[in-house]
Number of protein chains: 2
Amino acid sequence: MDKDISQAVISRLPRYLRYLGELKDKNVERISSSELSVLMKVTASQIRQDLNNFGGFGQQGYGYNVDYLYSEISKILGLEHQYNFIIIGAGNLGKALGGYLNFEKRGFILKGMFDKNPDLIGTQVRGVKVMPMEELPEFVRSGNIDIAVLTIPKEGAVLVAKILVDNGIRAIWNFAHVDLDVPEYVQVENVHLSDSLMKLSYNISSYNENHKE
Amino acid sequence: MDKDISQAVISRLPRYLRYLGELKDKNVERISSSELSVLMKVTASQIRQDLNNFGGFGQQGYGYNVDYLYSEISKILGLEHQYNFIIIGAGNLGKALGGYLNFEKRGFILKGMFDKNPDLIGTQVRGVKVMPMEELPEFVRSGNIDIAVLTIPKEGAVLVAKILVDNGIRAIWNFAHVDLDVPEYVQVENVHLSDSLMKLSYNISSYNENHKE
DNA sequence: AAAATATTGTCAATGATTTGGCAATATATG
DNA sequence: CATATATTGCCAAATCATTGACAATATTTT
């Protein structure tokens, strides 16, 4: 159905949702693409074009109903589902993600954490216990876990990803600094923090290059 | 000089660097764009085109020298500099970033952490003390801080960004879930984790949509 | 209820990015 | 050292993404 929507469009949807959420909070009932374009600093044409990939949510002469558009974009993004997730790697990053309450509000439910460090095993994050890695395969196989979050160093990540896939995981949110090689039916979203920092570094240097006399 | 290189190209450079680093570690001396394209699962044409934005680093009939190309991309990304950075928000995410040793290897030196929570003030991350927010303006103004990392909730982020800018910061690595409005001379790199999670959610739903009978 | 105004959805034009192809030129081979 | 082979740098073509324009159609005003 909505097979070939480009990732460029998908990447913009969460930002639309964020702005619409703020408008909802301010009890704004309707908004036109041109008003929204000013707020978001994009072209009105892009907003209309993006939304049109999924069907017409607006009305001529009126604009878009904020609540309706918000809920439609939520649906498109799959946020009406609940997702059970586990975190592998209970270091600071894992704990940060596990403790982030807004994820739960969106329907992402933390079901378990895993680590190989004996000092961490048995500790808790928001009532969820950190388990030893040995229990991971069984946990993934029997529980209905939708997403595995990988917050371990790159050295172990490839092997852990294999274990996850072998036990039936269908989605990985990967913070390890390595590209995972998984079957096509497994969705992977990478967050490569050091890549992001390097881009910042580039932009700093490049700005400085272009602005010295 | 290298003024108008597209961000699409810049975004790929850290990944090239990562693969070249792995080749260096394996003592591979030279590589052709087509060999690298197989490893990285991109087209050889894209690799050559990307590198050509910055000048010719290869040699016909030979390919690219791994060490040389690695160091040239490092230079392009500004990684031969040292950057002093501070972290605002000493929660788990701030601690995770502050404790990440690889950043230091790349020349990113943690100079201070700040938080408004009295329980955290005085605690340490890798020998760096968490200071109260009151000390932030003076610290930014007098120290030579190149990058501020924002790991605080969105509510406070806009104000803190203003304080940072007013005191002379030139670059912000923003993890707060809000768009910062800063002067054009301030470089901002956003890491919106929940946007990333929503993209994963979309890809899960969309895969399921397209594969049910 | 007619006229004026607002605003979408969509098409066409433009702009940007990616890919394919190949001349030029290096290395490797016999 | 001449010939075969490899591979870049670059150009042109193809693809993809963004923007601008406007008919169609709703809302708002008088």
Side-chain angles (χ1 to χ4, degrees), chain A residues 1-16 19-20 23 28-73 76 199 202-203 206, chain B residues 1-16 19-20 23 28-73 76 199 202-203 206:
Chain A
M1 176 213 168
D2 26 288
K3 186 60 177 281
D4 43 4
I5 310 277
S6 82
Q7 288 291 313
V9 173
I10 306 307
S11 302
R12 285 190 291 265
L13 295 181
R15 187 154 180 266
Y16 292 138
Y19 277 84
L20 290 166
L23 291 168
V28 176
E29 205 175 76
R30 56 185 261 193
I31 193 156
S32 68
S33 59
S34 69
E35 291 172 288
L36 190 55
S37 79
V38 172
L39 281 179
M40 295 188 63
K41 296 178 181 165
V42 298
T43 62
S45 195
Q46 179 162 76
I47 294 174
R48 296 206 296 277
Q49 188 85 308
D50 282 350
L51 296 177
N52 246 133
N53 282 296
F54 306 98
F57 303 128
Q59 228 170 337
Q60 282 141 326
Y62 173 89
Y64 299 87
N65 178 283
V66 172
D67 279 1
Y68 175 64
L69 186 54
Y70 182 93
S71 91
E72 286 299 310
I73 295 180
I76 293 166
K199 272 193 274 174
Y202 173 85
N203 285 322
S206 149
Chain B
M1 178 211 167
D2 25 289
K3 187 60 176 281
D4 43 3
I5 309 279
S6 84
Q7 287 291 314
V9 173
I10 304 309
S11 302
R12 285 191 291 266
L13 295 181
R15 188 153 179 266
Y16 293 138
Y19 277 84
L20 289 166
L23 290 169
V28 176
E29 204 174 78
R30 56 186 261 192
I31 193 157
S32 69
S33 59
S34 69
E35 290 173 289
L36 190 56
S37 78
V38 172
L39 280 179
M40 296 187 63
K41 295 177 181 164
V42 297
T43 62
S45 196
Q46 179 163 78
I47 295 174
R48 296 206 294 276
Q49 190 85 309
D50 282 350
L51 295 178
N52 247 135
N53 283 295
F54 306 98
F57 302 130
Q59 228 170 335
Q60 282 140 324
Y62 172 90
Y64 299 87
N65 178 282
V66 172
D67 278 2
Y68 175 65
L69 186 55
Y70 182 93
S71 91
E72 286 300 309
I73 295 180
I76 292 165
K199 272 193 274 175
Y202 173 86
N203 285 323
S206 152

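Note that the structure is a prediction, hence the values are computed from the model and not measured. A note on names: the letters A, B, ... follow the listed sequences, proteins ahead of strands, and every chain is numbered from 1.
- Residue Q49(B) places no side-chain atom within donor-acceptor reach of the base of dT17(C), judged by atom type and a 3.5 Å distance cut-off alone.
- Between the base of dT8(C) and the side chain of Q60(A) there is a donor-acceptor pair shorter than 3.5 Å.
- Distance CG (N52(A)) to C1' (dT19(D)): 15 Å, rounded to an integer number of Å.
- Considering only side-chain N and O atoms, R12(B) lies nowhere under 4.0 angstrom from the phosphate OP1 or OP2 of dT17(C).
- Atom-to-atom, CG of N53(B) to C1' of dT19(C) comes out at 15 Å; the value is rounded to the nearest Å.
- Look at CD1 on I5(A): it is 14 Å from C1' on dC16(D), rounded to the nearest Å.
- When all heavy atoms of L13(A) and I73(A) are compared, the closest pair comes out as O-CG2, 4.0 Å.
- Between Y64(B) and dG9(D), a side-chain N or O to OP1/OP2 separation shorter than 4.0 Å is present.
- When all heavy atoms of A44(B) and S37(B) are compared, the closest pair comes out as N-CB, 3.4 Å.
- Residue F57(A) contributes atom CZ, which lies 12 Å from atom P of dT10(C) at whole-angstrom precision.
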Apply the test side-chain contact (heavy atoms from CB on, under 4.5 Å) to residues R12(B) and V42(B): give CA-CA distance (whole Å), side-chain angles for both, the deciding distance (0.1 Å), then the verdict. CA-CA 11 Å; R12(B) 285 191 291 266; V42(B) 297; 5.7 Å; no
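- For Q59(A) and dT27(D), a side-chain-to-base donor-acceptor distance below 3.5 Å is absent, hydrogens and geometry of angles not being considered.
- Per the geometry, CG belonging to N65(B) stands 15 Å off C1' belonging to dA26(C), to the nearest Å.
- Using modelled atom types, one finds no donor on one side chain facing an acceptor on the other under 3.5 Å when comparing Q46(A) with T43(A).
- Although no hydrogens or angles enter the test, the distance criterion places a donor-acceptor pair under 3.5 Å between the side chain of N53(A) and the main chain of D50(A).
- For Y62(A) and V9(A), each mapped to the nucleotide of DNA chain D holding its nearest heavy atom, the one lying further toward the 5' end belongs to V9(A).
- Defined by atom type and a distance below 3.5 Å, a donor-acceptor pair is present between the side-chain atoms of Q7(A) and N203(B).
- A heavy-atom distance below 4.0 Å to DNA chain D is reached by these residues of residues 39-48 of chain B, ordered by number: R48(B).
- If you take CG of L51(B) and P of dC10(D), they are 12 Å apart, rounded to a whole angstrom.
- Atoms CG (D50(A)) and P (dG9(C)) sit 12 Å apart, rounded to a whole Å.
- Look at S33(B) and you'll find a side-chain N or O under 4.0 angstrom from OP1 or OP2 of dT8(D).
- At a threshold of 4.0 angstrom between heavy atoms, the contacts of S34(A) with the nucleic acid are absent.
- Rounded to an integer number of Å, the gap from E35(A) CD to dT7(C) P is 6 Å.
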Yes or no on side-chain contact (heavy atoms from CB on, under 4.5 Å) for F54(B) and V9(B), after CA distance, side-chain angles and deciding distance? CA-CA 11 Å; F54(B) 306 98; V9(B) 173; 4.1 Å; yes
